[in-house]
Protein chains: 4
Amino acid sequence: MQAPQRHGGSGRPRDTHLDTALLDATLAVLGEVGYSRLTLEQVARRAGTTKPSIYRRWPTRQHLVLAALARQLGDVTVPDTGCTLCDLGEGLSVFVAAFDRMPPDVLGSLLADCAGRPELRAELLNTLFEPPRCAVGHMLRSARDRGDLRDDVDLDLAVDLLGSLVHYRILFGHAPVTERDIETAVETLLQGIATDYPALLAHAREAGGDSPTHPLHT
Amino acid sequence: MQAPQRHGGSGRPRDTHLDTALLDATLAVLGEVGYSRLTLEQVARRAGTTKPSIYRRWPTRQHLVLAALARQLGDVTVPDTGCTLCDLGEGLSVFVAAFDRMPPDVLGSLLADCAGRPELRAELLNTLFEPPRCAVGHMLRSARDRGDLRDDVDLDLAVDLLGSLVHYRILFGHAPVTERDIETAVETLLQGIATDYPALLAHAREAGGDSPTHPLHT
Amino acid sequence: MQAPQRHGGSGRPRDTHLDTALLDATLAVLGEVGYSRLTLEQVARRAGTTKPSIYRRWPTRQHLVLAALARQLGDVTVPDTGCTLCDLGEGLSVFVAAFDRMPPDVLGSLLADCAGRPELRAELLNTLFEPPRCAVGHMLRSARDRGDLRDDVDLDLAVDLLGSLVHYRILFGHAPVTERDIETAVETLLQGIATDYPALLAHAREAGGDSPTHPLHT
Amino acid sequence: MQAPQRHGGSGRPRDTHLDTALLDATLAVLGEVGYSRLTLEQVARRAGTTKPSIYRRWPTRQHLVLAALARQLGDVTVPDTGCTLCDLGEGLSVFVAAFDRMPPDVLGSLLADCAGRPELRAELLNTLFEPPRCAVGHMLRSARDRGDLRDDVDLDLAVDLLGSLVHYRILFGHAPVTERDIETAVETLLQGIATDYPALLAHAREAGGDSPTHPLHT
DNA sequence: CGATAAGCGAGACGGTACGTCAAGTCTTATA
DNA sequence: TATAAGACTTGACGTACCGTCTCGCTTATCG
């Protein structure tokens with residue numbers, strides 16, 4: 001969802017500076033007044049241009065905001081060290097950090113604003129939510145392939161258990177997602193689906209070092 | 001979020017039929033065009049009245065919708081049979097069913113629309129989201145008190161693990177929440193925090209009967 | 001074309017100060033930037049209100065301007081002294097003066113802008129152009145009734161001959177309409193349609209005094 | 001207002017087919033939607049080209065339309081037979097016919113649109129309105145020279161009396177200009193300014209034949 | 001004959017104003 | 001004092017043209 005559709009070679013080419021200026025302005029306005037009070041006028045003025053230039057690039061306000069968020073999210077890469085506990089914890093943290101860089105409350109508002117626009121909603125989910133889901137899914141699959149998880153675990157549900165915790169708190173967090181929360185959630189889940197949880201824990205301890213002994217314990 | 005504030009006893013009394021007519025109209029409009037396209041004019045016209053009569057009762061559109069949803073949610077009671085597995089599963093199902101009766105996508109939109117209005121947001125959370133959280137928390141606390149859970153489990157995180165799965169899927173479900181999902185999630189979680197999971201499973205089997213053997217397994 | 005349509009007794013009544021403020025603002029803007037550069041925003045701002053308040057009163061920009069011009073034209077009354085030459089000259093002068101009080105070039109632009117809107121055009125003609133036509137027609141009919149004109153004169157064409165001179169020069173005058181022009185035109189016309197032109201001239205001389213002897217002569 | 005300005009000899013020459021195609025398209029669009037709804041885009045598209053090709057030829061929309069109308073008006077020649085009544089009637093008819101071939105209402109709109117652009121307005125008047133004025137003026141001057149009119153007649157006002165009737169009705173005609181109207185107006189005017197009207201009438205009768213006996217009479 | 005200069009189609013550019021919609025507030029007459 | 005009615009201020013919406021610009025290409029004239 002970064003650069004919008006381009007056309008045949010002919011015609012005056014689009015000013016790519018405007019593209020970035022508009023996305024920058026969008027993020028700035030989002031940060032200052034939030035999604036619901038964001039005005040296209042304001043965005044345009046701040047980018048030194050006018051509304052029609054926005055509509056030429058993105059068909060709706062939602063598309064504009066989505067593009068801005070997607071650019072802000074950037075390309076997020078996750079570790080693959082072979083240590084199931086470490087990788088999951090680290091991977092989730094990377095995504096939490098990426099989402100935390102976004103203006104608060106925007107993601108939820110945008111998602112809500114997609115009600116009734118299925119294509120847009122799909123685009124949003126694919127662009128922003130699917131990458132972390134995929135990454136976590138990939139990690140869990142690796143873990144199962146190397147024998148850390150039971151063969152018959154429902155990986156989709158496991159992904160949802162971790163992902164929904166992260167997403168839910170990001171979207172409407174009554175509490176921020178801390179590193180501690182992530183570790184605890186990962187360890188709790190693995191106790192339920194690992195073939196040999198103590199071995200994983202031991203492995204993580206030599207690899208990283210600061211994992212706690214008692215998941216979900218205060 | 002039932003009948004709103006009243007004034008001094010004198011003068012023409014409020015038409016209580018209007019209260020219900022307005023909430024009915026709100027739900028109807030929500031169901032037809034969704035939250036973002038809901039117009040107070042439209043609601044008023046449908047209820048056979050005018051905008052000022054709405055504003056006399058609820059200060060903002062958000063309050064109106066919240067009131068309508070709260071009435072739709074109604075009073076939900078959860079079981080307390082002493083069977084940890086059964087109660088959790090049954091309790092979660094009750095709430096999923098209650099939320100499923102609401103117009104789709106409205107809850108998320110409303111919640112998103114509360115960004116920047118903390119009191120309203122708090123009221124929404126208290127009215128709609130807190131009851132299930134409380135009920136689940138209460139169940140887990142009972143379970144711990146009767147010795148089913150370890151003493152040092154972080155109950156808040158446990159509540160969040162279950163609650164976020166349910167809420168997240170309800171709010172923005174890329175997949176509906178099935179009975180099967182609930183059971184599996186409950187059992188997976190309990191494997192992580194129960195003192196003696198097999199005993200709970202056995203207990204549940206004699207009580208109810210249809211619990212599966214292998215959590216999270218296909 | 002003054003006060004727009006009113007409704008049943010109930011509801012908040014229209015602010016009549018706004019009506020006049022808007023018409024005043026319209027005339028002011030017309031005077032400053034002309035018809036084609038008149039902006040409803042500008043009119044509204046100047047009247048201390050906003051566009052929707054204008055659209056509530058007049059359906060289009062044309063209606064607004066027409067209303068403003070009509071108010072500016074006001075009620076114009078013409079003399080009826082029995083002196084055919086004097087009355088015609090005086091009556092035409094009155095209307096020329098009334099039109100000269102309007103912002104220049106507006107009338108033509110407005111009329112041109114009515115192309116393709118027959119009802120509006122009819123309203124404009126009725127409101128602004130018909131009164132002088134009627135007045136002149138009435139004068140000529142009186143003159144015929146008292147025997148000053150031949151019985152079989154085509155009064156409509158006579159009205160047009162006088163009216164078109166005035167209107168044409170007002171609308172797109174390459175030259176202003178002077179008192180002298182009016183007198184000369186009246187006298188020239190009457191030579192063509194009067195029963196006894198010299199008698200009329202004599203009558204006018206005793207009544208008024210400053211009529212010229214030789215029509216259309218330099 | 002024929003072919004617009006050209007530049008130095010070098011470079012690709014202008015496609016003269018485009019000139020005519022654009023003027024044709026302009027007239028077509030004017031005929032279909034009128035002046036105020038004419039879009040340069042539309043004209044360009046219809047001519048199979050694009051806006052810049054228009055602006056390369058004519059600096060403004062007004063110039064384009066003026067050029068189109070001028071081409072449509074063409075060269076109009078008027079008779080000079082020595083019969084004052086016949087020539088005037090015939091000459092006016094020729095011009096009425098020429099203007100009637102133009103799309104209706106366009107002339108007035110264009111003229112109105114020249115408010116505040118004096119050079120353009122002058123060009124328009126010179127191009128479209130001056131020829132008939134000149135022709136009528138020339139006829140009247142010839143008539144005076146041959147002794148048909150009094151020596152001291154104000155020829156400018158006489159021209160205006162005839163011209164304004166024609167122009168006014170053409171521009172904003174509440175009634176079409178008929179042959180009958182023209183004859184009657186000419187005859188009425190001549191009664192006012194001719195040295196010997198009956199002689200002119202007699203002359204016209206032998207020359208043409210179908211002149212009426214009673215000017216301005218029904 | 002190759003450089004140069006303009007015209008060409010295409011279409012995006014920065015702008016201005018449009019006419020509409022809904023929000024939330026107010027003022028009335030009536031009950 | 002609440003009601004139905006409806007006008008009020010406010011502010012943003014998405015669209016339509018304007019007149020200009022920058023492309024990549026074609027077509028002529030000139031050196």
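Keep in mind that the numbers below use all heavy atoms, side chains included, and drop hydrogens, waters and symmetry copies. Naming convention: chains lettered A, B, ... in sequence-line order (proteins, then strands); numbering from 1 in each chain.
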Without decimals, in angstroms, what is the distance between [X] [atom1] and [N] [atom2]?
| X | N | atom1 | atom2 | result |
| --- | --- | --- | --- | --- |
| B/L64 | E/dG24 | CG | P | 11 Å |
| A/W58 | E/dA12 | CH2 | P | 14 Å |
| B/H17 | F/dT3 | NE2 | C1' | 15 Å |
| A/Y35 | F/dA12 | OH | P | 15 Å |
| B/I54 | E/dT25 | CD1 | P | 13 Å |
| D/R14 | E/dG7 | CZ | P | 5 Å |
| B/D113 | E/dA23 | CG | C1' | 12 Å |
| C/D19 | F/dA7 | CG | P | 12 Å |

side-chain N/O [X] vs [N] OP1/OP2, d < 4.0 Å:
| X | N | answer |
| --- | --- | --- |
| A/S53 | E/dG14 | yes |
| B/R45 | F/dG6 | no |
| D/T49 | E/dG9 | yes |

### Message
Both A/Q42 and D/R37 contact DNA chain F. Which one's nearest nucleotide lies toward the 5' end?
### Response
A/Q42
Under-3.5 Å N/O pairs linking protein and nucleotides 18-21 of chain F:
unit_1: F/dC18; atom_1: OP2; unit_2: D/L40; atom_2: N; d: 3.2
unit_1: F/dG19; atom_1: OP2; unit_2: D/Y55; atom_2: OH; d: 2.6
unit_1: F/dG19; atom_1: O5'; unit_2: D/Y55; atom_2: OH; d: 3.2
unit_1: F/dG19; atom_1: N7; unit_2: D/K51; atom_2: NZ; d: 3.0
unit_1: F/dG19; atom_1: O6; unit_2: D/K51; atom_2: NZ; d: 3.0
unit_1: F/dC21; atom_1: O2; unit_2: A/R12; atom_2: NH1; d: 3.2

### Task
Enter the distance from D/L64:CG to D/L69:CG here, rounded to the nearest 0.5 Å.
9.5 Å
### Task
Report the distance from atom CG of A/D113 to atom OH of B/Y35, rounding to the nearest 0.5 Å.
10.5 Å
### Message
For A/S53, run the side chain to side chain donor-acceptor pair (under 3.5 Å) check against A/K51, A/R56, A/R57 and tell me which one passes.
### Response
A/R56
### Message
By the definition side chain to side chain donor-acceptor pair (under 3.5 Å), identify the one residue from D/D24, D/D19, D/T20 that meets it with D/R71.
### Response
D/D24
### Query
Are any side-chain N or O atoms of B/R61 and backbone N or O atoms of B/L38, one a donor and one an acceptor, separated by less than 3.5 Å?
yes
### Residues forming a salt bridge (Lys or Arg N to Asp or Glu O under 4.0 Å) with A/R45, sequence neighbours excluded
A/E41
### Task
Given side chain to side chain contact (heavy atoms under 4.5 Å, CB included), test C/E123 with C/H63 step by step and report yes or no.
CA-CA 9 Å; C/E123 198 171 345; C/H63 286 89; 4.0 Å; yes
